[in-house]
Number of protein chains: 2
Amino acid sequence: MRKEHNLTKNQKIIFDLIDKSPQPLKAYSILYNVQKKGIKAPLQVYRALDKLVEIGKIHKIESRNAFIACHNSSCQVAKATAFSICEICEKVTEISSAGLSKYLANFKDKDGMKYSKYNLEFFGLCKKCTLK
Amino acid sequence: MRKEHNLTKNQKIIFDLIDKSPQPLKAYSILYNVQKKGIKAPLQVYRALDKLVEIGKIHKIESRNAFIACHNSSCQVAKATAFSICEICEKVTEISSAGLSKYLANFKDKDGMKYSKYNLEFFGLCKKCTLK
DNA sequence: AATTTAATTGTTATAATATAACACTATGTA
DNA sequence: TACATAGTGTTATATTATAACAATTAAATT
């Protein structure tokens with residue numbers, strides 16, 4: 001069972017914004033959107049983002065420097081993430097495939113390195129953009 | 001057969017530096033290192049980096065904003081990359097596993113999105129750091 | 001060889017992303 | 001209450017990356 005995290009005011013404001021967004025949001029776009037709620041400085045945003053990532057409520061899309069809410073019950077510790085990214089419309093979808101998770105969780109390289117975490121980003125065209 | 005790319009002067013200087021480095025290099029650290037060779041501005045570095053990434057001579061480690069030379073004959077088109085990253089010493093190793101490549105190249109998500117590319121980053125502790 | 005086309009270069013300026021440092025406040029727990 | 005931990009607000013600054021434009025070089029075509 002996962003510990004329930006009680007979000008603080010700033011964390012809540014920022015999480016709600018990201019959670020409502022259909023696409024990943026960038027830190028400064030978040031900042032502009034929450035300035036009316038009293039969050040004035042980048043650091044306030046980044047601190048909330050860091051915490052939200054740490055507890056697995058959001059994920060960072062590394063190739064885009066953007067943040068998306070977690071919609072996958074199996075990655076709530078923020079340690080095993082996979083996304084598909086459309087290179088035209090920039091739509092990002094979190095992949096939840098038991099097969100993929102299992103494969104990657106059990107993957108061992110030649111050096112026998114012990115992995116505690118991974119992040120996978122697939123790039124391609126989404127259905128809509130393929131048809132265009 | 002892969003097209004041979006003849007690197008230009010700047011591209012050569014920057015590739016050689018990255019290729020010799022045991023760890024990934026960041027753009028501005030590259031800049032400082034090549035200023036004596038006449039490369040004075042960030043853009044000169046970024047342009048060479050972009051090209052080198054495009055032709056698959058180097059890869060970007062997205063989670064670190066750093067660049068590493070490709071040492072894997074199977075990813076020279078820069079479309080299928082996997083790395084292991086030690087969270088203590090920051091050592092990065094390119095993973096070349098036929099099984100992994102195959103698995104990911106054939107992976108299909110529920111939406112049937114067609115992938116042309118992927119990037120996978122594993123995090124954990126390398127052997128040395130595990131023993132400490 | 002001359003022409004033209006695309007790629008690369010050099011440069012200045014600036015945008016976008018992210019963190020350091022410090023004083024203060026709230027929250028949970030002993 | 002007292003203590004520890006986490007979060008806040010703030011200013012300043014570090015780090016990463018791109019825009020715009022003119023000049024140059026390399027390669028492909030005539």
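Chain naming here is simple, since letters A, B, ... match the order of the sequence lines and numbering starts at 1 in each. All values below were derived from every heavy atom in this structure, side-chain atoms included, with hydrogens, water molecules and symmetry-related copies excluded.
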Fill in: Heavy-atom pair of closest approach, residues S96(A) and K110(B)
O-NZ, 3.2 Å

Worksheet entry | For L7(B) against K57(B), the heavy-atom pair lying closest together | CD1-CE, 4.3 Å

Discussion item. If the helix axis at each end comes from five base pairs, how far does the helix from dA1(C)-dT30(D) to dA30(C)-dT1(D) deviate from straight, to 10°?
Written reply: 50°

Fill in: Side-chain heavy-atom pair R64(A), E90(A) within 4.5 angstrom cut-off
yes

Practice prompt. Kindly indicate whether the side chain of N10(B), heavy atoms from C-beta on, has any atom under 4.5 Å from the side chain of V34(B).
Written response: no

Discussion item. Is there a continuous path of hydrophobic side-chain contacts, each under 4.5 Å between heavy atoms, that joins I88(B) to L131(B)?
Written reply: no

Discussion item. In this structure, would Y115(A) and L125(B) fall into the same cluster of hydrophobic residues linked by side-chain contacts under 4.5 Å?
Written reply: no

Rounded to the nearest Å, what distance is computed from the [atom1] atom of residue [X] to the [atom2] atom of nucleotide [N]?
| X | N | atom1 | atom2 | answer |
| --- | --- | --- | --- | --- |
| E54(B) | dT8(C) | CD | C1' | 13 Å |
| Q44(B) | dA13(C) | CD | P | 15 Å |
| L43(B) | dT14(C) | CG | C1' | 12 Å |
| Y46(A) | dA21(C) | OH | C1' | 18 Å |
| K51(B) | dA6(C) | NZ | P | 14 Å |
| D50(A) | dT19(C) | CG | C1' | 10 Å |

Close N/O contacts between protein and nucleotides 22-30 of chain C (under 3.5 Å):
none

Worksheet item: Considering heavy-atom distances to DNA chain C, does P42(B) or G38(B) have its closest nucleotide positioned more toward the 5' end?
Response: G38(B)

Name each donor-acceptor pair under 3.5 Å that joins a side chain in residues 39-47 of chain A to protein atoms two or more places apart or in another chain, with its distance.
{"unit_1": "Q44(A)", "atom_1": "OE1", "unit_2": "K40(A)", "atom_2": "N", "d": "2.8"}
{"unit_1": "Q44(A)", "atom_1": "OE1", "unit_2": "A41(A)", "atom_2": "N", "d": "2.9"}

Worksheet entry | N65(A) or Q11(A), whichever maps to the more 5' nucleotide of DNA chain D | Q11(A)

Residues two or more places apart in sequence or in another chain: which of them pass side chain to side chain contact (heavy atoms under 4.5 Å, CB included) with [X]?
| X | value |
| --- | --- |
| S116(B) | E87(A) |
| S97(A) | I95(A), L100(A), F107(B) |
| A69(B) | F15(B), I18(B), D19(B), H71(B) |

Practice prompt. Taking ring-ring contact (aromatic ring centres under 6.0 Å, His included) as the test, write out the residues that go with Y103(A), two or more places apart.
Written response: Y103(B)

Worksheet item: Is it the case that E62(B) and S63(A) place a side-chain donor and acceptor less than 3.5 Å from each other?
Response: no

Item to complete: Would you jot down, in residue-number order, the residues of residues 17-34 of chain B having a non-hydrogen atom under 4.0 Å from DNA chain D?
Response: K26(B), Y28(B)

Worksheet item: Counting distance only, does the side-chain N/O of E54(B) pair as donor-acceptor with the main-chain N or O of K51(B) below 3.5 Å?
Response: no

Worksheet item: Quick check: does any side chain N or O of K60(B) sit under 3.5 Å from a backbone N or O of L49(B), one acting as donor and the other as acceptor?
Response: no

Practice prompt. Supply the members, apart from I68(B), of the Ile/Leu/Val/Met/Phe/Trp/Tyr cluster built from side-chain contacts under 4.5 Å; use none for a lone residue.
Written response: I61(B), F83(B), I85(B), V92(B), F123(B)

Worksheet entry | First and last nucleotide of DNA chain D, 5' to 3', lying under 4.0 Å from heavy atoms of chain A | dG7(D) to dT11(D)

Discussion item. If you take any heavy atom closer than 4.0 Å to DNA chain C, which residues from residues 85-92 of chain B end up in contact?
Written reply: none

Worksheet item: Taking only residues two or more places apart in sequence or in another chain, which ones pass side chain to side chain donor-acceptor pair (under 3.5 Å) with N33(A)?
Response: none

